[in-house]
Structures are given as structure tokens and as C-alpha cells.
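Here's the structure, in C-alpha cells; my notes come after.
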Amino acid sequence: MIKNEGIEKIIDESQQGSSLTLEKNEKNNRKLYIESYGCHMNFSDSEIVASILAKEGFNTTQKLEEADLVLVNTCSIREKAELTVRKRLEKFNAVKKTNPGMKVGVLGCMAERLKNKFLEEEKIVDMVVGPDAYKDLPNLIQEIDEGRSAVNVILSKDETYGDVAPVRLNSNGVTALVSITRGCDNMCTFCVVPFTRGRERSRNPQSILEEVNDLWERGFKEITLLGQNVDSYLWYGGGMKKDYEKATEMQKATSVNFANLLELVAKVQPKMRIRFSTSNPQDMTLDVIESMAKYENICNSIHLPVQSGSNRILKAMNRLHTREEYFELIDNIRKIIPDCGISQDMIAGFPTETEEDHQDTLSLMEYVKYDFGFMFAYSERPGTLAERKLDDDIPEQIKKRRLQEIIEMQRKHSFYRTQRHVGKIEEVLIEGFSKKSDAHWMGRNSQNTVVVFPKENYKVGDFVHVKINECTSATLIGEAVEYSKNN
């Protein structure tokens, strides 16, 4: 599994721009068409939006032409996503000519950054809604129904949507995302997230456990705890993480960190598989790794973005860890969970990167030998610290060559990692058909590697022991042996 596009959060190319559908409520008489771009957080947010609007009389549709309200949930992480969204907005406005009652709104990370451009200069949308303002949608829709433009991009200090039960959209009915934090405090110089999603705050653990129990009751078998930076999770009664130092002694004594939360979730549903994304090296503490080792249902898989192997570049990126600290963390993971799958994010060609810095990245990769990675050439994003303070001074052809060298090394390591599974019997959760053949199931093992095997009498949602017979650099190929004890 190699992607050369993505940053900080996993961006699944196959999902980009998918429109969402949920069960029809006969009482609802308006139609909502919603498309999502970007990371898992955006897709999770679209489920929250659909839930809020279902109570306002909207059913979802996949037919753009019949929609009363068209929403596009946007991403500012990279240029490609912004260009795609702009093209979609042109398409929506062309459809508006035949359906003049249709309203168009932009949600999410682009909303905050481009609100004036969209609403006033280009007049291409009716409504702009930032990621913390979704509960204000009923008021904003009333504004546009009455013929006015509407905007709310205020970033909140405490909004976590913990009290909104997300509607599971386009779901396989087996795996679900559970958002546990919002915002980010890290201020990496290449990243726009702190400016578009605000400061970091965590969701009440009780509401997380209730959501997990509800998902189990509805037949879901695996959850991914989700946040810009999940292992930085800290609940002490509400409020932003940076204000924790002002908490009372009682609040501190009863606070819940990410390792505690992992244990609570693992215990509340012992047969529910648990994953989490994304981790930041400086926040990944030993107690998190120990919690993972302690509970069988927490998957042995960690997505651990490093971005560069050079201490000089890590400092320029404002990454709060060094190469040596990262190695120490990897060593601890390997010692406590020997078969843990580890994946990376990597940026090639960050401003001022020298050939020596690039070699440091390759030597770090050689040390870790990641299972898979998300790699891309640096592209300057408006609104970031790097855009304001650093010249994008690495020529495009050098970025491309360095990126290609990183990808080739990752492909070699991915194959090395998948080969280590051959001959083993591993538990796989069936998620759906194999992409290449309807006669085969596709699922993933604990390490998050895709496994493909003949269907036989098994069905989606089954936990199956599969004997791994062969592999490619991205996929394990095997045959089912029996049901696992988790059914």
C-alpha cells in the first residue's frame, strides 16, 4: 500500500468525491447531496452533518440534479483537492441554471480560508460553514432560504460533536470511524490544520463509549478512533488541551489520557477490533504501547508520521521530535509488540532540504522498514507558517527524483514486510469483495495489511483465520482455515 499523496492524515484516493446516502425518512421532503474530499476526519464530519440535517427535513440523494441543497466538504491540505473542489463548484453552478431553487454550500477546511473569495468575489456559493459550526446549519439554511448568503467559520474552543450521533454513510456495515479529538496544537510549519480546525480539544470519554456500544449493537466489528493527533487525547472535564495546566487538582486526578481511553474502549467491547489514527511521535507514550500489548482486540498497527529523517529539516518543520527520539520510539514498539505494523507519512523536498538531508530520510526508512507509507513532494499551502517564512526553493525535478527514491525504497520494504506473513495463519475481518474478483473476499489482518482469499461459505463481518500462502508488496493472498473465536 503505497501512496505518494497525503499528509498528516490518511487520504484515501478511492473515496475522494464520493457522495453519501443514508436511509430515507418518509417525513423528510427536501433533498441533500453531499460530497467529501480529504482525510478521514472530513468523511466523519459529513456523517455528523447528515445527522443534523436529517432532523431538519433532508434526505440524502445521489442525484445532483434533484438536490435542494448541495454541500461539498473540503480539504485544504493540498492543492489538488482545492482544484478538484473548484471544478465541482463550477459543475454545481451549471446545474443551478436548470434548478434555480438549488442552494450550494462549502463545508470544512477550505471554508475558513476562502470564505470571502467564494461568497463575495466569485459569488459561487450561497453558504460557507467551517468545521466547528455544523450545529448552526439549521440557522444558516434559514438564511439562504430567505435569499441571503450565510457564513459561519468561527472556530470553537469546546465543540467536539460528542452529543451528535453520526449517521453511517456509504458504510460496509463492518468498520466505522469514531472521532475522539478535534483541532491540533502542533503548529507543524507545512500544515494548515491548526488554522482551519482550531486548537485541540477532546471528547467526553462517556460519549465515545456510548457510540462504540451503539456501533456494536448495530453489527459493526471494527472502529478507528480518529483525530488529527489521537494520542494527544486528554479529557479533564472539557475545554482545550492547552488549558489543562489551569485544571483543578480533582480534574487532573480524574483526567483520562489516550492510553486510559484505549483501555476503556477495549474493555467495553472485548470483541470489537480497535484501530486509531493519526499518531504524532512526540505524543506516543510508552503507556499507549503497553495498553496495545495488553488487549488482544487493539490492532497491532501504528500510523506514525515522521515527515523527514533529518534533524535539521524536522526542526524547520517544527516537528517536536528528533531522529534519535523517533528511533527510540520504534525500538520500544518493536520490543513491546514485535509484530506491530508501522506506517509513515514522508515529505520530499521541504524548503532548504539538501542531498544529505534526503539521505538521512532514506537511512531512517532503512532502519525502520515500514509496512507502508504515504509519500509526496512538498507543495506550499497558503496560510501555513512555511508559506510565510520559507522559500519553496527545491526545484520540481529534484523533488520528484527524491520522492521516487523514497517510493522505491518503501516498495522494497513493503514487500519485505508482507513476505514475513507468508506461511502464518492470521485473523482477518472480512470487509467486502476483493477489488479484482467477486469470487474472493477482502479483509485486513491486525497489522492493517490487505488479505484476499476465496469466499467459500464465509460472509462480510466474519472473523476468519486465513493461511497466508503468497504475497505482493501490498497484499497477502491465502485461504480460509476456520472461523476465529471472535465470531
Side-chain angles (χ1 to χ4, degrees), residues 2-11 38-39 75-84 109-110 112-114 183-197 228-229 278-283 303-327 343-368 370 373-410:
I2 295 179
K3 309 244 174 155
N4 61 0
E5 305 229 11
I7 183 172
E8 272 305 284
K9 301 157 305 187
I10 297 173
I11 292 178
C39 67
C75 172
S76 263
I77 283 293
R78 52 180 200 196
E79 200 169 11
K80 184 182 166 194
E82 286 202 6
L83 293 173
T84 307
C109 294
M110 266 172 87
E112 200 280 329
R113 202 168 70 69
L114 296 174
C184 186
D185 287 348
N186 282 336
M187 307 304 279
C188 300
T189 56
F190 53 78
C191 186
V192 77
V193 164
F195 306 104
T196 59
R197 285 185 173 268
Q228 244 69 44
N229 187 9
T278 291
S279 301
N280 247 18
Q282 74 268 21
D283 295 305
H303 184 60
L304 202 59
V306 63
Q307 311 301 1
S308 171
S310 154
N311 277 336
R312 194 181 69 79
I313 294 296
L314 288 169
K315 194 169 182 185
M317 290 175 165
N318 197 33
R319 299 291 285 172
L320 302 174
H321 63 88
T322 62
R323 170 190 177 91
E324 291 73 23
E325 285 164 343
Y326 191 84
F327 283 156
S343 53
Q344 47 88 346
D345 289 352
M346 204 71 77
I347 298 172
F350 190 79
T352 79
E353 184 185 73
T354 64
E355 217 39 57
E356 191 184 348
D357 294 323
H358 173 58
Q359 290 304 321
D360 280 349
T361 292
L362 295 176
S363 72
L364 178 137
M365 290 178 71
E366 192 58 61
Y367 184 90
V368 181
Y370 294 100
F374 299 85
M375 301 147 285
F376 69 109
Y378 175 74
S379 74
E380 190 172 78
R381 303 308 299 124
T384 59
L385 292 165
E387 185 237 359
R388 297 206 294 274
K389 304 252 176 84
L390 301 168
D391 285 337
D392 186 0
D393 60 354
I394 309 296
E396 212 52 44
Q397 69 270 26
I398 291 179
K399 284 184 190 175
K400 281 185 179 160
R401 180 201 29 101
R402 288 177 185 169
L403 175 61
Q404 201 47 46
E405 288 175 11
I406 288 169
I407 289 170
E408 279 165 19
M409 180 170 276
Q410 183 54 60

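Because the structure is predicted, anything quoted here is derived from the model rather than measured.
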>> Rounded to the nearest 0.5 Å, what separates atom OG1 in Thr354 from atom CD1 in Ile398?
In response: 11.0 Å
>> Is there a side-chain contact (heavy atoms from CB on, under 4.5 Å) between Leu385 and Asn318? Walk through the geometry before answering.
In response: CA-CA 10 Å; Leu385 292 165; Asn318 197 33; 5.5 Å; no
> Are Ser343 and His303 linked by a side-chain donor-acceptor pair shorter than 3.5 Å?
Replying inline: yes
>> In the structure I gave you, are the side-chain heavy atoms of Arg381 and Glu387 within less than 4.5 Å of one another anywhere?
In response: no
> How long is the gap from OG on Ser310 to CG on Leu364, to the nearest 0.5 Å?
Replying inline: 10.5 Å
>> salt bridge (charged side-chain N to carboxylate O under 4.0 Å, His left out) for Arg402 and Glu353? Distances and angles first, verdict last.
In response: CA-CA 10 Å; Arg402 288 177 185 169; Glu353 184 185 73; 3.0 Å; yes
>> So, taking the atom named CG in Leu320 and the one named NZ in Lys315, what distance separates them when rounded to the nearest 0.5 Å?
In response: 11.5 Å
> Got Gln282 and Asn186 here, is their nearest side-chain heavy-atom distance under 4.5 Å?
Replying inline: yes
> Distance only, no hydrogens: is a donor on one side chain within 3.5 Å (strictly under) of an acceptor on the other, for Ser363 and Asp360?
Replying inline: no
>> Measuring only between side-chain heavy atoms, which start at C-beta, is Pro305 closer than 4.5 Å to Thr278?
In response: yes
>> Minimum heavy-atom separation for Ala377 and Lys399, please, with both atom names.
In response: CB-CB, 4.1 Å
> Would you say Val368 and Gln344 make side-chain contact, with heavy atoms under 4.5 Å?
Replying inline: no
> What are the two closest non-hydrogen atoms of Met346 and Ser308, and how far apart are they?
Replying inline: SD-N, 3.7 Å
> Can you say whether the rings of Phe327 and Tyr367 are parallel (under 30°), tilted (30 to 60°) or perpendicular (over 60°)?
Replying inline: tilted
> For the residue pair Met409 and Leu362, what are the closest heavy atoms and their distance?
Replying inline: SD-O, 3.3 Å
> Between Ile313 and Gln307, does a side-chain contact (heavy atoms from CB on, under 4.5 Å) hold up when you go through it step by step?
Replying inline: CA-CA 9 Å; Ile313 294 296; Gln307 311 301 1; over 6 Å; no
> Phe195 and Met187: which non-hydrogen atoms are nearest, and at how many Å?
Replying inline: CZ-CE, 3.7 Å
> Please walk me through it: do Asn311 and Glu324 pass side-chain contact (heavy atoms from CB on, under 4.5 Å)?
Replying inline: CA-CA 9 Å; Asn311 277 336; Glu324 291 73 23; 3.0 Å; yes
>> So that I can tick it off, tell me whether Glu396 and Arg401 are bridged by a salt bridge, with the cut-off set at under 4.0 angstrom between side-chain N and carboxylate O.
In response: no
> Do Thr361 and Arg323 have side-chain N/O donor and acceptor atoms under 3.5 Å apart?
Replying inline: no
> Taking the six-membered ring for Trp, are Phe350 and Tyr378 parallel (under 30°), tilted (30 to 60°) or perpendicular (over 60°)?
Replying inline: perpendicular
> How about His321 and Val306: do any of their side-chain heavy atoms sit closer than 4.5 Å?
Replying inline: yes
>> Using side-chain contact (heavy atoms from CB on, under 4.5 Å), reason through Phe374 and Asp345 one step at a time and then give a plain yes or no.
In response: CA-CA 5 Å; Phe374 299 85; Asp345 289 352; 3.5 Å; yes
>> Donor-acceptor check, side chain of Asp393 to backbone of Thr352, threshold 3.5 angstrom: yes or no?
In response: yes
>> When you measure from the side chain of Gln228 to the backbone of Val193, do you find a donor-acceptor pair of N or O atoms at a distance under 3.5 Å?
In response: no
> Are the side chains of Leu314 and Tyr326 in touch, meaning some heavy atoms are under 4.5 Å apart?
Replying inline: no
>> For the backbone of Thr322 and the side chain of Glu325, can you confirm whether one donor and one acceptor N or O come within less than 3.5 Å of each other?
In response: yes
> Looking at His358 and Ile406, what are the two nearest heavy atoms and their distance?
Replying inline: CE1-CG1, 4.0 Å
> Counting only N and O atoms by type, is there a donor-acceptor contact under 3.5 Å from the side chain of Thr189 to the main-chain atoms of Ala316?
Replying inline: yes
